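Let me begin by presenting the structure, written as structure tokens, before commenting on it.
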Amino acid sequence: MDLTDTEDERDFRLRLRDWLRRTLPTLPPPPPAHDWPARRAYDCGWQRALYDAGYAGLHWPTEAGGHGATPAVHLIFLEETERAGAPYVGANFVGLLHAGPTIAAEGTPAQRARWLPAILRGDEVWCQGFSEPEAGSDLAALRTWAVREDDTYVVTGSKIWTSHAEVADWCELLVRTDSAAPRHKGISWLAMPMSAPGVTVRPLRTLAGSTEFAELVLDRVSVPVGHRVGEENDGWRVSMVTLSFERGTAFAGEVVACRRTLADMARTARDNGRWDDSSLRRRLGRLNAQFTALWRMTQWHACAGDAPRTGAAAVSGSVFKLLYSHARQELYDTAADLLGPAALDAGHPWTAARLSSLSYTIAAGTSQIQQNIIAERGLGLPKGR
Amino acid sequence: MDLTDTEDERDFRLRLRDWLRRTLPTLPPPPPAHDWPARRAYDCGWQRALYDAGYAGLHWPTEAGGHGATPAVHLIFLEETERAGAPYVGANFVGLLHAGPTIAAEGTPAQRARWLPAILRGDEVWCQGFSEPEAGSDLAALRTWAVREDDTYVVTGSKIWTSHAEVADWCELLVRTDSAAPRHKGISWLAMPMSAPGVTVRPLRTLAGSTEFAELVLDRVSVPVGHRVGEENDGWRVSMVTLSFERGTAFAGEVVACRRTLADMARTARDNGRWDDSSLRRRLGRLNAQFTALWRMTQWHACAGDAPRTGAAAVSGSVFKLLYSHARQELYDTAADLLGPAALDAGHPWTAARLSSLSYTIAAGTSQIQQNIIAERGLGLPKGR
Amino acid sequence: MDFRPTSDQQALRATARRFLAARFPRDRLRRTVDADAAAGADDRLDRGLWRALGEAGFFSLRLPEKEGGAGLGMPEAVLVFEEAGRALVPGPMAATHVAAGLVPGAADGAAVVTALDGPGVVEHLASADAVLLTGGPTVHVLPAGRGPRPAPDLPTTVPLRPLDPTTPLHRIPGPLPGDAGQRLTGTDAQQLRLHATLLTAAQQLGSAARTLDMAVEHARNRKQFGRPIGAFQAVQHVCSRMLARTDLARSGVYAASVTMTVSEVSAAKLLADEAAVRNARDCLQLHGGMGFSWEADVHLHLKRAWVRREQWQPPAQAEELLALALLDDGGIAPRNV
Amino acid sequence: MDFRPTSDQQALRATARRFLAARFPRDRLRRTVDADAAAGADDRLDRGLWRALGEAGFFSLRLPEKEGGAGLGMPEAVLVFEEAGRALVPGPMAATHVAAGLVPGAADGAAVVTALDGPGVVEHLASADAVLLTGGPTVHVLPAGRGPRPAPDLPTTVPLRPLDPTTPLHRIPGPLPGDAGQRLTGTDAQQLRLHATLLTAAQQLGSAARTLDMAVEHARNRKQFGRPIGAFQAVQHVCSRMLARTDLARSGVYAASVTMTVSEVSAAKLLADEAAVRNARDCLQLHGGMGFSWEADVHLHLKRAWVRREQWQPPAQAEELLALALLDDGGIAPRNV
């Protein structure tokens, strides 16, 4: 067990830190929260800067245009960029964390060449079309269907909870290509151009009042057959290959950020007098333990990244998400108690974060689904009823 | 909504209080915890005193030998006896709270005459033979079977978690009389004499180190057919008639006792310095709210005792047990934190109570089962899978 | 003793529910939400609704009949406030109710009376005609009005971006001068606070009961994996605990309305706050992505529950008071005779 | 960075598990339990087992090789103590381990060394050869022995009726005289406490992992309503949360063994205490009536977890320390370079 940097890791860390110190002051001011085109431009500018400095696709395989870095080095990247206050991945989330890795793993050489460099350079933005109104936790119940006409799939249906849809170039789309097949069969994975005729984007307002998600309505949208990644009707497997790809470390930056918030909370409590309340202090102490251990768990998962994923190890992403999403909600509930009536100001960043944290136990598999996965795949309990 | 005594209720309360004040000092000292014959004698002596004073079977119907008192008067009885520190029902628990009411509701006039007066006078002690090792939460899976031979059932099998078995005269027994029938059919309710040949009582040790429970091994025990209450194969319904009979108020005395313990805990904290810890104080405050409301809920259930039991009202006993069993465990967990290392003394009464409270979420239907009942019968959710 | 509501009380509750269903149905709530969210800090409490509530007796029902009231008690007030909480009626309901008979126009809903209970926040200040100051040993009242300084006699008023879209809030930092406003003589400040606290608890209870209903309804109808989600034990057990939490809070709130002791009112507020917040959270979780959307009502319940939790005795205060009550034997000693 | 145990570390853990399975199997545990319960306050720690543990290196493994140790570090010590916790080995393991090299005989298990960390309780006093006093700025050691006053230099020793049948306890009320016993010079009291705290956390972790295994095993095999109870979602989810809790504690304990910072050791103890206690409770609940019986092992895990929770930094202390650490930036600032 070793938590110190190797010589290579230390060199990488110092070089990155130096680059961040020089680069971050040169960035333009961040755009307003609701100006999506400006946010796209900002996020893609940052991605391009990373690309130019050799940090894009750090841990992607070299044949996919990446640098083949170890998970530990990638984690250092996530840690240091967050600590330095660098921009988030933002609009490039789906491209870099899901669609890109899927194409890298399952695409043809031509498909990789077509899409991956543009993702890494920040030239093209992807969004995700998986969820549907009637298929929430039960993703495989999706109904959006594609009819093959010669070299084209004609797609009709609707998708929901799509981030950055207004500004995306491509959508990674799951569609039903065989309605007679069992639920998990008969699904295909398509790269749909967002500019195609028949694609309508409707903003979806969340309880936080923001419009970061959208609904996609697809009315006879043509997608060339060459935009299918993987075999026809094999899309469920294709998408699952990478759905857990980053689960262990996807929240690495957020955990670093939560630890910083927690320290801010302690200082705020000291300044506003709430520190004298042992019950609040002890909650802060407990959260410190949880987030310290969550960070260590992230490091563990990074190191175990290429270990065989059987038994409990296979569900480590679910374990992490279950723990982290609840800890994050507890963090911001504690922030509210610390702020008292000031927490009723929706303009306070901790209150905004409290609202958005409500989605953490729901999105990308509810806590209930995560617990099913842990029980059945991790602990080998009989299939639930 | 009225929580004050009517004139009759106040008269009853004052008369009872006066009787308790005069009677309790005349009782012999309570026997040692492990001397079961002495405990039986003590408990039956107290029951006889209640009988002589006109307090036995207070709320039983007059035709069953009771006084037909209202649930509110019965609740006053439970409240005042607990406040005065009167003995618990002890060895007469099953007779007074389950077997007796079952016979009163479902027995023939001859059966009532045979068994009820002896219960009310404290002459005969009953125990319960329902649970089996392989049929825990799934009570209807019971396997102990009875073969009818002329006017006799010959019973073989085993029962578990039977209290006071060593000193009981009778056992209310559920046996399978038709093994071909569906689970809930084919069960009959028998009154088995504990002195019958073939009955073996084996003490069961609990994690608290006590031997208040026993296992019964039944090897071809003969029970006259006339000891069956209700029809053959109708025993499931017969036992259920009264299984929820007292659920709403069965813990009335305990709630009163918990509130007294809570006040003792606060005084102990003030004396040992733990009162300065706001986090402990606030837990005590929260428990005060919970137990205050649990007491009010008990009063509500007593008043609603003869209301139609449909919808949520039908599961009020399950709701109460779910809340109370967890609150009781929280009470004694808080007591342990209040005592600190002194809680590691098994001789401390709060530590002993902490151990025994572990059974509250298990016995008489686990919290999981209670939640199933509430969901399906109270809220009308589809049958669970 | 008969703790159950009388038939008159049950009828009163049913009337209140029918009145609110007609006068403040769901689409009206949603229009209010969208209008208020669009207006931002601009406060526009619906005075027509307020007068209708006044005429229906929501504020006056405890006043003697000769003062235009119905001569009823706290049990009746709690029942109708539970219904108001269920319907998410906006506005300073509890403050206006306790001001009835003290501040002109409060009883019949002609005046909107809000309150500042100690340093903290005050709701609907820009719509209010008067502000009760209830944090001290005596109750004071201040005039209020529209404009950039809605309460000119208050030292500082900072408008917040309201968490709950239908509850505009101003923050009043720091303590008030002791002589602010006009003293209401003959008013027992502690009694007034107790009443407002319990009426707020009753609204929380109504909200908790409503989110329980919403969760059960959704669990029965929403299908996933080929069956209603209410057939999954995890969902069943969440709903069961919601019911248990609501029933416990109801026992506490109703009992406090009868006894009106300090510690029972605190218990009622604490348990009702917890039921309202946790039920709304559970309801949201069971609704999945839908629950996270603005169009669902569940976030309105959660946000209002968070606001009410901070009003009239937040949990930390209630717990401290309930702990202290234990040292005085807090209601445990025989009381009935 | 490679946080995973090396193959040597994995081999060491496997060896420890095999050793304990052979030397302290379940029937041996149960004989100890029954003998101790029968003996009551009479303390009879198995010295043969203690010497075997000493020979196997449980106490000496961190000593330099020239002092008879294996020259290993805290990561290795934590792995073998996790195994000891899993097997419920009785005795003052952590105290004897930190006494190795300081108190003659501790390293090889010839001596039983117990500890008193501040006012509180001391385990296995009547079986001990020495008592470490670790509550002050310096570490002191006292001789101990059999008889009615097992530690004559301690002001008062009150035997308790032990909650955990295999952990006899004495209570030492009040503070000790500052000059009690013999001062161990050259010993860093804070370091010694940190080591003992983390080793106790490791035992809690092992116990949590064991009760998780027991729960899963039971859920797979026990049938109710015609299927294994592990097919019920309520049971599945309890087991899932047990796993999550255990994994979080393991991350904390292993990381603390590498960094040995004050706040990471506190985090490890806090999370491991919680995992041990709550897993044992959940395991007991899932076992139903069986879990409530003396014959099941689950109560032994629960009771031992309760005892260890009070030893070497109880949760309230750990939480206060972790809160303070936040004000100092508690490990959040970059450290790796």
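All figures in this text were calculated on a predicted structure; none of them were measured in a lab. Within every chain, numbering begins at 1; the chains are lettered A, B, ... in the order of the sequence lines, protein sequences first and strands thereafter.
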message: Given heavy-atom pairs under 4.5 angstrom as the criterion, report whether the side chain, backbone, both or neither of D:Glu274 touches chain A.
response: side chain
query: Between A:Trp300 and D:Phe3, how do the two ring planes meet: parallel, tilted or perpendicular, split at 30° and 60°?
result: perpendicular
query: A:Trp275 and D:Leu327: which non-hydrogen atoms are nearest, and at how many Å?
result: CZ2-CD1, 3.5 Å
Proximity breakdown for A:Asn372 and chain D, heavy-atom pairs closer than 4.5 Å: both
field: OG1-CG distance between D:Thr6 and A:Asp2, expressed to the nearest 0.5 angstrom
entry: 10.0 Å
Under 4.5 Å from a heavy atom of chain A, the part of D:Ser257 involved: side chain
- prompt: Taking all atoms of both residues into account, what is the closest heavy-atom pair of D:Arg220 and A:Gly380, and its distance?
  reply: NE-O, 3.4 Å
- prompt: What distance do D:Ser240 atom OG and A:Leu381 atom CG have between them, rounded to the nearest 0.5 Å?
  reply: 7.5 Å
field: Choice from D:Gly252, D:Ala244, D:Ala249 maximising heavy atom contacts with chain A below 4.5 Å
entry: D:Ala244
- prompt: Which answer fits D:Val258, side chain, backbone, both or neither, if we ask what part of it has an atom under 4.5 Å from a heavy atom of chain A?
  reply: side chain
query: Could you go step by step and tell me if A:Arg281 and D:Glu319 meet the side-chain contact (heavy atoms from CB on, under 4.5 Å) rule?
result: CA-CA 8 Å; A:Arg281 264 193 333 263; D:Glu319 286 169 348; over 6 Å; no
- line: Closest non-hydrogen contact found for A:Ala266 with D:Leu326 is CB-CB, 3.7 Å
- request: Determine whether A:Tyr324 and D:Leu248 make a side-chain contact, defined as any pair of heavy atoms from C-beta on separated by less than 4.5 Å.
  value: no
field: Heavy-atom closest contact (D:Leu270 atom, A:Ala289 atom, distance)
entry: CD2-CB, 3.7 Å
Minimum-distance pair of heavy atoms, taken over all atoms of A:Ala375 and D:Gln236: CB-CB, 3.5 Å
message: Between D:Ser263 and A:Thr292, is there a side-chain heavy-atom distance shorter than 4.5 Å?
response: no
query: Do A:Pro382 and D:Arg227 have side chains that get closer than 4.5 Å, going by heavy atoms?
result: no
- request: Answer whether the closest heavy-atom distance between the side chains of A:Arg296 and D:Thr259 falls below 4.5 Å.
  value: yes
Validation row: A:Gln290, D:Leu271 side chains within 4.5 angstrom (heavy atoms): yes
- line: Among A:Thr6, A:Leu322, A:Leu323, the residue with the most heavy-atom pairs under 4.5 Å to chain D is A:Leu323
statement: CE (D:Met242) and CD1 (A:Ile374) are apart, to the nearest 0.5 Å, by 13.0 Å
field: Rounded distance (nearest 0.5 Å) linking atom CD of A:Glu376 with atom CD of D:Gln233
entry: 8.5 Å
task: Check each atom of D:Ala268 against the heavy atoms of chain A and say whether the ones under 4.5 Å are side chain, backbone, both or neither.
output: neither
- request: Measure distances from A:Leu280 to the heavy atoms of chain D and classify the residue's part below 4.5 Å as side chain, backbone, both or neither.
  value: neither
query: Is A:Glu9 reaching over with its side chain to a backbone N or O of D:Met1, donor-acceptor style, under 3.5 angstrom?
result: yes
task: Looking only at non-hydrogen atoms, find the nearest pair between D:Glu320 and A:Arg282 and report the distance.
output: OE2-CG, 4.0 Å
Test item: A:Met1 and D:Leu79 side chains (from C-beta on) under 4.5 Å apart, heavy atoms: yes
- request: Flag the pair D:His237 / A:Gln368 as yes when at least one side-chain heavy-atom distance between them is below 4.5 Å, and no otherwise.
  value: yes
task: Could you tell me the separation between the CD atom of D:Glu264 and the CG atom of A:Asn288, rounded to the nearest 0.5 Å?
output: 9.5 Å
